[in-house]
Amino acid sequence: MKFEFSLESVLKVREHEEKVQKQKLAEKLNKKKHLNELKERLKRELENHISENGSSAYENLHDLQRKQQYINDLYDKVQKVNSSLASVKKAVDQQRDKLADVHKKRHIMEKVKEGERELFLEEMTRQQRKVMDEVATQTFSK
């Protein structure tokens, strides 16, 4: 006789849910990583332009204004990336919470499966003992 878990379909659904949540978390983490890289690149570019600002000789006021506008634009981009990063961090935290919840549900189902398997094995052992006792009784009575 083979063990069959009565809630196997529920366990499979829970495992699939966990897999989906892991994929979603990975996507959000990739997005966070991409934004961090973008932020660092923009910061380096901004620092480079600010540091060379004093050493460059500008031919006219228009060049200086363009340079200042470019630095302001870089600063604005960094600020936008920071706000996007904050929202992505919040989304990552929420996704981690969802994954933890789904993992907990799957783990509960696995515990139920283990309990059913133990009961099944105990029943099989009880039946084997019963058969062995029956064989021993028949052998003794002959």
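Keep in mind the model is a prediction, meaning the values are calculated, not measured.
There is no path of hydrophobic side-chain contacts, each under 4.5 Å, that joins I108 to L119. One hydrophobic cluster holds both Y75 and L38 under the rule that ILVMFWY side chains link at heavy-atom gaps under 4.5 Å. Cluster annotation: V92 is connected to V81 through the hydrophobic network of ILVMFWY side chains, with a link wherever side-chain heavy atoms come within less than 4.5 Å.
In this structure, R117 has no salt bridge (charged side-chain N to carboxylate O under 4.0 Å, His left out) partners at least two apart in sequence or on a different chain. Every residue was checked against the side chain to side chain donor-acceptor pair (under 3.5 Å) condition with R14, not counting sequence neighbours, and none meets it. When the side chain to side chain donor-acceptor pair (under 3.5 Å) test is applied to S87, no partner is found at least two apart in sequence or on another chain. For K77, the side-chain contact (heavy atoms from CB on, under 4.5 Å) partners are L42, not counting sequence neighbours. Annotation: side-chain contact (heavy atoms from CB on, under 4.5 Å) contacts of V20 (sequence neighbours excluded): H16, K24. Partners of E15 under the side chain to side chain donor-acceptor pair (under 3.5 Å) rule, at least two apart in sequence or in another chain, do not exist in this structure. Residues passing the salt bridge (charged side-chain N to carboxylate O under 4.0 Å, His left out) test with K105, sequence neighbours excluded: D101. Checked against salt bridge (charged side-chain N to carboxylate O under 4.0 Å, His left out), E123 has the following partners two or more places apart in sequence or in another chain: R126. With sequence neighbours left out, the side-chain contact (heavy atoms from CB on, under 4.5 Å) criterion links N82 to K39, V78, Q79. Applying the ring-ring contact (aromatic ring centres under 6.0 Å, His included) test to F3 and every residue at least two apart in sequence or in another chain returns F120. Taking E27 as the reference, nothing meets the salt bridge (charged side-chain N to carboxylate O under 4.0 Å, His left out) condition, with sequence neighbours excluded. Partners of Q95 by side chain to side chain donor-acceptor pair (under 3.5 Å), not counting sequence neighbours, listed by chain and number: Q21.
With rounding to the nearest 0.5 angstrom, the CG atom of L46 is 10.5 Å from the CG atom of D73. Atom CG of L7 sits about 4.0 Å away from atom CE of M109, to the nearest 0.5 Å. Atom CD of residue Q23 and atom NZ of residue K28 lie 12.0 Å apart, to the nearest 0.5 angstrom. Considering CZ of R96 and CG of L29, their distance stands at 5.0 Å, rounded to 0.5 Å. The structure places CE of M132 at 8.5 Å from CD of Q128, a figure rounded to the nearest 0.5 Å. Distance check: L99 CG to K22 NZ gives 6.5 Å after rounding to the nearest 0.5 Å.
You'll find the side chain of H62 reaches within 4.5 Å of the side chain of R66, heavy atoms only.
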Before you tell me yes or no, could you show the steps for Q68 and Q65 under side-chain contact (heavy atoms from CB on, under 4.5 Å), namely the whole-Å CA-CA distance, both residues' side-chain angles and the distance that decides it to 0.1 Å? CA-CA 5 Å; Q68 186 60 43; Q65 287 175 336; 5.7 Å; no
M1 and M124: side-chain contact (heavy atoms from CB on, under 4.5 Å), yes or no, with the steps? CA-CA 8 Å; M1 188 172 204; M124 292 303 296; 4.0 Å; yes
Go through R106 and E110 one step at a time and tell me if the salt bridge (charged side-chain N to carboxylate O under 4.0 Å, His left out) criterion holds. CA-CA 6 Å; R106 182 188 58 84; E110 287 178 349; 2.4 Å; yes
Taking it one step at a time, do E40 and N36 satisfy side-chain hydrogen bond (donor to acceptor under 3.5 Å, both in side chains)? CA-CA 6 Å; E40 290 304 313; N36 275 326; over 6 Å; no
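What you find for E116 and F5 is that their closest heavy atoms are OE1-CD1, 3.4 Å.
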